[in-house]
Amino acid sequence: AKAHVIVIGGGTGGATCARYLKHFSPAMQVTLVEPSTDYATCYGSNWVLGGIAEMSDIIQTYDGLRAAGVRVVHDRATTIDPERRTVRLGGGNTLNYDRLVVSPGIDFRWENAAEGMTAAHSQDIPHAWKAGHQTRLLRAQLEAMPDGGVFVMVAPGNPFRCPPGPYERASMVAHYFKTHKPKSKIIILDNKENFSKQGLFLSGWKELYGDMIEWVPSTKGGQVERIDTATLTALSDGGLNEFKATVLNYIPPQRAGDIAVNAGLTNETGWCPVNQLTFESSIHDNIHVIGDASIAGAMPKSGHSANSQGKVTAVAVIRAFLGQDMVAPSTANTCYSLVAPDYGISVANVYSFKEGSIQAEQGGGVSPADAARGVRQQEAIFTRGWYASITRDTWG
Ligand code: FAD
């Protein structure tokens, strides 16, 4: 019989892996299990919040994967049995695999969230940290907000999905306010002391938005302890500081997606330890975990990382079937952020596997400080080009 690989999760990591498995090994039987019939990318979702893109611009479908020969099953994986090598689906079927790839993204640690916040509250206080319905909710609230309102974002501590994401979001909301509601304010309450591309964001904000955005680090009142959900107020330092929001965006602490936890693929950190050469789980044989859910050394939890890991894992799976040792791969990540529609910044790194873990190589870095405006304009073009190429590479 043909080798059968099941991929759980049709997001960035899973879709890339499924597509590249068929690409490298057309005879292989590849089944992708994903409950949703389309996928809204988190990348670009901040542009929707800023009013410079539509939801339809960030929705991907599974037609390209089907055309590539991947069997796409729209159902949810509910149980993994690593001994019998089976995956049970919500619809009742059970599938057998030779190897399994798990890329479920994140779920939230509501038990560690600020007091007062629960999963149910995210209908009124959206996180928008999974794109789709949540993005629409937050955009609708920003549109309904009167001029002079205060947008308060609570940003999570490390590690979390997309390190520059909260700051790109603040930038895009600032662009929207500047053009539609110029008397409004933005406060970022941060559960950490510094953040990705900090210098570039801070100088871009000053140049473009004056003092519209206030960033409050954890030691200066940003460590939010409690949310009064009735009044949309965030409290820190034992209630000494109160921040009342007109629109509140609480981004909860995160861990690997539920199925990874339920299958016993996570450790005490809430994320999945893997052999960082092959992404095979350190806990269960024949199961690979990629994307945000995995512990991938120096690689950040990003779409670009998940895409790179999907390809590496496709190679690792095929070589394992052939009885060949894995070759040490070189991978890359770039995170672009729009500070304004025509103002882009980026951070890039190349990674290699050395002494048991994925490490950053020399040569990465961020956009230059004090660059001419033309450089920022050029990077804004690259940002959109990156979106077009990564989605094409992932979903076909
Ligand atoms: P996901 O893409 O989340 O995919 C997980 C999939 O698994 C989902 O489709 C889900 O439905 C499915 N699933 C979950 N459980 C099950 C189950 N039990 N059975 C079947 N299917 C299941 N990254 C960048 O590189 N660049 C950016 O500019 C960028 N911007 C971002 C902005 C924001 C606001 C956010 C929140 C994130 C951003 N990211 C960006 C990060 C990027 O979106 C994630 O890192 C990436 O999507 C991770 O891919 P993944 O495959 O791990 O998870």
Side-chain angles (χ1 to χ4, degrees), residues 6-18 31-50 58 60 62 72-80 87-91 100-107 127-132 134-135 138 153 155-156 159-173 196-197 249 251 254 256-263 271-272 289-294 296 299-310 313 332-338 344-348 383-384 386-387 390-391 394-395:
I6 298 179
V7 179
I8 296 178
T12 314
T16 305
C17 190
T31 303
L32 177 74
V33 178
E34 162 63 52
S36 184
T37 52
D38 55 29
Y39 174 90
T41 60
C42 282
Y43 25 104
S45 67
N46 289 329
W47 312 343
V48 174
L49 297 178
I58 62 163
Q60 307 299 326
Y62 294 98
V72 182
V73 175
H74 289 302
D75 205 337
R76 179 170 291 279
T78 54
T79 321
I80 298 169
V87 175
R88 187 197 280 275
L89 306 182
L100 177 66
V101 178
V102 182
S103 190
I106 56 157
D107 274 300
H127 49 75
W129 221 242
K130 292 187 182 190
Q134 280 279 318
T135 315
L138 186 53
M153 181 201 303
F160 64 103
R161 154 178 284 184
C162 195
Y167 315 96
E168 184 193 58
R169 174 170 294 178
S171 309
M172 287 289 96
V173 173
S196 172
K197 295 182 273 190
N249 174 210
I251 305 167
Q254 298 155 30
D258 287 341
I259 184 76
V261 177
N262 298 344
W271 307 99
C272 303
V289 186
I290 59 175
D292 291 349
S294 68
M299 293 186 94
K301 298 188 185 302
S302 75
H304 199 143
S305 294
N307 171 275
S308 293
Q309 293 161 10
T313 300
N333 177 64
T334 311
C335 282
Y336 285 100
S337 304
L338 289 181
I345 57 175
S346 63
V347 54
T383 304
R384 292 179 177 85
W386 175 86
Y387 184 93
I390 200 95
T391 50
T394 300
W395 287 278

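What you see is a predicted model; the values in this text were computed from it and never measured. For ligands, and for the atoms within them, numbers begin at 1 and follow the listed sequence. Keep in mind that the numbers below use all heavy atoms, side chains included, and drop hydrogens, waters and symmetry copies.
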Problem - Qualifying residues under ring-ring contact (aromatic ring centres under 6.0 Å, His included), relative to Y43, sequence neighbours excluded - result: W386, Y387
Exercise for the section: May I ask you to identify, for N46, whether its side chain, its backbone, both or neither come under 4.0 Å of ligand 1 on a heavy-atom basis? Expected result: side chain
Practice task
Around atom 14 (C) of ligand 1, find the nearest protein heavy atom and jot down its residue, atom name and distance.
Solution key: P104 O, 3.5 Å
Handout entry: Nearest option to atom 46 (C) of ligand 1, as decided by whichever heavy atom of S346, G303, G14 sits closest
Key = G303
Handout entry: For ligand 1, the portion of Y39 having any non-hydrogen atom under 4.0 Å away
Key = side chain
Handout entry: Atoms in ligand 1 flagged as close to Y336, the criterion being non-hydrogen separation under 4.0 Å
Key = 28 (O)
Problem - Selected option - heavy-atom contact closest to atom 6 (C) of ligand 1, from G11, P300, G105 - result: G11
Completion exercise
A student comparing S103, S36, A306, P166 should find that the heavy atom closest to atom 49 (O) of ligand 1 comes from A306
Practice task
Please could you name the atoms of ligand 1 that S45 approaches to less than 4.0 Å, counting only its heavy atoms?
Solution key: 34 (C)
Completion exercise
Any heavy atom of R169 under 4.0 Å from ligand 1? The part involved is side chain
Problem - side-chain hydrogen bond (donor to acceptor under 3.5 Å, both in side chains) involving D107 - partner list, sequence neighbours excluded - result: K130
Practice task
Would you mind running through ligand 1 and noting each atom that sits below 4.0 Å from a heavy atom of D292?
Solution key: 44 (C), 45 (O), 46 (C), 48 (C), 52 (O)
Exercise for the section: Could you tell me whether R161 approaches ligand 1 through its side chain, its backbone, both or neither, with non-hydrogen atoms closer than 4.0 Å? Expected result: side chain
